[in-house]
Enquirer: 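Provided herewith is a single structure, encoded as structure tokens, for subsequent inquiry.
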Number of protein chains: 2
Amino acid sequence: MVSIKDVAKEAGVAISTVSKVLNNYPNVSEKTKNKVNEVVDRLGFVPNAVAVSLSSKKTGRVALLIKLSLSTQASDEINMRYISGAVHKAKELQLDVITVFASMIEDMTVEEVTSYFESQGIRGIIVYGMTTKDKVIHKLIDSGHFKMVVVDAPMVNDSTSSVSVDHVKAQYDVAKKTIIENKCKKVLYLAGEDTGYVTKDRLLGIKKLCEEKNLKLTVRNGQFSELRARELTMRFAKNADCVVCASDMMAIGAMKALIDMDIFRPVCGFDGIILMGYVGKQMNTVKQDFTKISEKAICELNRLMSGENGRKVTIKHELVRIKYEDIIV
Amino acid sequence: MVSIKDVAKEAGVAISTVSKVLNNYPNVSEKTKNKVNEVVDRLGFVPNAVAVSLSSKKTGRVALLIKLSLSTQASDEINMRYISGAVHKAKELQLDVITVFASMIEDMTVEEVTSYFESQGIRGIIVYGMTTKDKVIHKLIDSGHFKMVVVDAPMVNDSTSSVSVDHVKAQYDVAKKTIIENKCKKVLYLAGEDTGYVTKDRLLGIKKLCEEKNLKLTVRNGQFSELRARELTMRFAKNADCVVCASDMMAIGAMKALIDMDIFRPVCGFDGIILMGYVGKQMNTVKQDFTKISEKAICELNRLMSGENGRKVTIKHELVRIKYEDIIV
DNA sequence: TTGTATGCGTTATCAG
DNA sequence: CTGATAACGCATACAA
């Protein structure tokens with residue numbers, strides 16, 4: 001392993017000089033700069049990241065905190081998009097990423113979590129899919145100990161940014177499109193887990209729409225569960241003329257139930273997962289670009305880590321219909 | 001941040017003594033051991049992983065090298081299982097994991113890849129889904145520079161282990177079951193990408209079966225593609241009485257094609273992904289426990305890193321039929 | 001059994 | 001503009 005010492009010796013300069021040209025310090029003559037760079041290239045020297053972070057006390061190390069709740073198709077797809085978006089962007093920004101699953105820290109106290117991350121040299125954390133019940137994460141955010149970005153939760157303070165699509169508007173938009181296309185009057189809305197922040201927002205969206213359009217709205221808690229959506233659809237769909245769902249998995253459950261019941265109701269979902277193409281019936285849904293959301297989250301974390309303050313970042317969404325022909329590869 | 005120095009001072013001993021009790025060295029009196037441990041607990045001291053690895057020159061740091069080939073349902077599900085299995089087991093073994101996507105190193109030379117991983121303090125690498133065309137990875141393995149575990153590829157040497165199910169037997173088993181259940185005579189086999197190591201093995205399995213049972217075998221290259229499987233099924237399924245596929249995605253493509261063609265042929269797949277439950281028809285398939293495979297891979301890497309030699313590890317598979325009722329949550 | 005001293009590879013602070 | 005030198009937090013050979 002070629003170290004800075006080797007470079008220094010070979011170039012006939014001091015270690016500190018090499019360090020300076022590596023880090024683009026001023027006050028280094030062009031001549032020595034060139035000489036050092038030449039040697040660096042020739043020897044294929046790459047700074048030892050471990051030593052750099054020990055010395056500089058800055059790790060640029062980031063943790064992705066991911067919930068592996070239900071092991072459904074949907075969550076796998078979404079989490080993979082999150083991870084790959086983050087990892088790629090992180091490499092670009094020279095950050096180092098580790099993946100942590102919520103289950104790994106679930107019975108730790110804030111202090112334990114803090115020292116765990118600290119011992120790992122973590123400076124920033126991205127939290128995906130946080131709920132109101134995640135007390136430890138709330139405390140972590142309040143402590144201001146780490147720079148944090150929460151995806152799909154409204155936390156913002158000096159060291160915390162939030163990144164998400166506009167769930168209120170997105171739910172409003174997709175439902176409106178579906179309802180107008182089918183001239184509906186009575187909406188069955190299957191909401192998500194009531195501990196989720198997005199659940200509240202999406203509910204706001206559908207309520208706003210129904211008030212505006214003067215539609216009858218029935219809300220049931222489907223807990224983001226395909227099975228639960230299936231049951232609720234069986235029970236309540238007859239009295240409605242469309243089923244608006246707060247997630248694609250619920251939309252799929254609802255649609256499959258309707259097919260089994262042999263009645264037709266337009267259904268719309270939320271997320272834009274590939275599985276929507278396999279159900280046999282097309283549905284409107286909100287396409288969230290999870291990769292991009294995660295890239296933005298990394299960028300935002302980078303911003304925070306360079307000293308800037310937290311803020312709210314909103315990502316654009318898109319309305320789509322997912323067909324089998326479109327997704328088959 | 002509480003350091004070893006603080007602990008030493010508080011406990012009234014030398015830093016080296018603290019280090020010794022932390023690392024369970026012999027020759028430390030019970031008394032000081034207790035005292036130190038008490039202080040460690042009280043102060044909530046956790047060793048700084050960065051400093052540890054710089055000092056010991058051993059990082060225990062591991063990279064997961066993942067291919068993000070086609071962004072299909074299947075690969076997301078499989079990769080998430082791989083990642084979560086590895087991350088969890090790694091935490092248990094006190095290893096530190098980073099995720100790297102093949103695309104991030106695809107246009108690097110071996111030297112560049114080596115110094116990249118080296119600079120990141122990586123000592124071991126798990127390669128998922130390697131193909132015969134991955135020249136750089138081959139060279140990396142030959143170099144013996146890192147401890148490596150290849151999942152689904154037959155590489156083994158002093159510093160390299162392979163982990164996978166027995167693809168020959170698995171393909172043989174699942175096809176046999178399907179063929180016997182349906183009394184088939186003429187098999188259409190849709191093989192995978194011919195650069196994949198598993199492709200060869202699975203092909204061996206089906207060939208063996210067909211010879212044994214004296215069945216007519218037609219082999220076509222479906223490239224693990226759902227679309228390609230669809231096309232091939234449309235073209236060739238009429239002349240066969242069953243379709244054996246080297247992957248679930250192809251099985252799904254084939255089954256959907258058969259439904260559209262309005263003819264029936266038993267179809268079997270390979271992998272055991274959840275999506276199989278959404279196709280409407282049940283199929284036999286091989287269930288690979290990707291989480292466990294990845295856990296084993298980490299264990300194996302840990303073994304290699306503690307000085308042992310590479311070997312071949314085989315994981316058990318299972319034959320299943322995936323029904324919608326089973327997977328809905 | 002315990003403590004001292006040195007080094008790991010780098011950055012940063014000073015003199016020169 | 002350049003070069004010693006002291007950190008960073010910990011491990012470890014060696015001395016006591």
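Values below: all heavy atoms of this structure, side chains included; hydrogens, waters and symmetry mates excluded. Below, chains carry the letters A, B, ... as their sequence lines are ordered, and counting in each starts from 1.
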Enquirer: Nearest whole angstrom, please: distance from the P of C/dA12 to the CG of A/Asn24.
Expert: 13 Å

Enquirer: Do B/Val97 and A/Thr99 make a side-chain contact, defined as non-hydrogen atoms from C-beta onward lying under 4.5 Å apart?
Expert: no

Enquirer: Counting C-beta onward and ignoring hydrogens, is there a side-chain heavy-atom pair between A/Leu22 and A/Val7 closer than 4.5 Å?
Expert: no

Enquirer: Ignoring hydrogens and angles, tell me if any N or O in the side chain of A/Ser294 forms a donor-acceptor pair with the backbone of A/Phe290 under 3.5 Å.
Expert: no

Enquirer: Less than 3.5 Å apart, any donor N or O on the side chain of A/Thr291 or A/His88 sitting next to an acceptor on the other?
Expert: no

Enquirer: Are B/Glu295 and B/Lys292 close enough for a salt bridge, meaning some N to O gap below 4.0 Å?
Expert: no

Enquirer: Tell me which of A/Lys33 and A/Ile15 sits closer to the 5' end of DNA chain D, going by the nucleotide each one is nearest to.
Expert: A/Lys33

Enquirer: Considering only side-chain heavy atoms of A/Ile4, which listed nucleotide, C/dT1, C/dT10, D/dG3, is closest?
Expert: C/dT10

Enquirer: Whole Å only: how far is the CD atom of A/Gln120 from the P atom of D/dG9?
Expert: 16 Å

Enquirer: Just the rounded figure in Å: distance from C1' of D/dC1 to NZ of A/Lys31.
Expert: 12 Å

Enquirer: Rounded to whole angstrom units, what separation is found between the CD atom of B/Glu118 and the P atom of C/dC8?
Expert: 16 Å

Enquirer: Is it true that B/Lys33 and B/Glu30 have a side-chain N and a carboxylate O under 4.0 angstrom from each other?
Expert: yes

Enquirer: Could you check B/Lys296 against B/Glu300 for salt bridge (Lys or Arg N to Asp or Glu O under 4.0 Å), going step by step and ending with a plain yes or no?
Expert: CA-CA 6 Å; B/Lys296 278 280 183 192; B/Glu300 193 55 29; over 6 Å; no

Enquirer: Tell me which residues in residues 41-61 of chain A put a heavy atom below 4.0 Å from DNA chain D, sorted by number, or none.
Expert: A/Leu54, A/Ser55, A/Lys57

Enquirer: What is the separation between atom CD on B/Glu30 and atom P on C/dT1, rounded to the nearest whole Å?
Expert: 10 Å

Enquirer: Can you find a heavy atom in the side chain of B/Met130 that is under 4.5 Å from one in the side chain of B/Met155?
Expert: yes

Enquirer: Taking only the side-chain heavy atoms of B/Asn23 (C-beta and beyond), determine which of D/dA11, C/dG3, C/dC8 contains the nearest atom.
Expert: D/dA11

Enquirer: Protein-nucleotides 14-16 of chain C N/O pairs closer than 3.5 Å?
Expert:
none

Enquirer: Donor-acceptor pair under 3.5 Å: do we get one between B/Ser3's side chain and the base of D/dG9?
Expert: no

Enquirer: Examine D/dC1: is either OP1 or OP2 under 4.0 Å from a nitrogen or oxygen in the side chain of A/Thr32? Give yes or no.
Expert: no

Enquirer: Just call it for B/Ser19: base, sugar-phosphate, or nothing, with non-hydrogen atoms closer than 4.0 Å on any strand.
Expert: base

Enquirer: Between atom NZ in A/Lys35 and atom C1' in D/dT2, what is the gap in whole Å?
Expert: 11 Å

Enquirer: Is B/Asp289 salt-bridged to B/Arg81, going by a charged N under 4.0 Å from an acidic O?
Expert: no

Enquirer: Tell me: OH of B/Tyr25 to P of D/dC10, nearest whole Å?
Expert: 15 Å

Enquirer: Would A/Lys91 and B/Phe101 count as a cation-pi pair here, with the cationic atom under 6.0 angstrom from the ring centre and within 45° of the axis?
Expert: no

Enquirer: Tell me the interatomic distance from A/Asn27, atom CG, to C/dA12, atom C1', rounded to whole angstroms.
Expert: 14 Å

Enquirer: Hey, is the side chain of B/Ser16 pairing donor to acceptor with the base of C/dT4 inside 3.5 Å?
Expert: yes

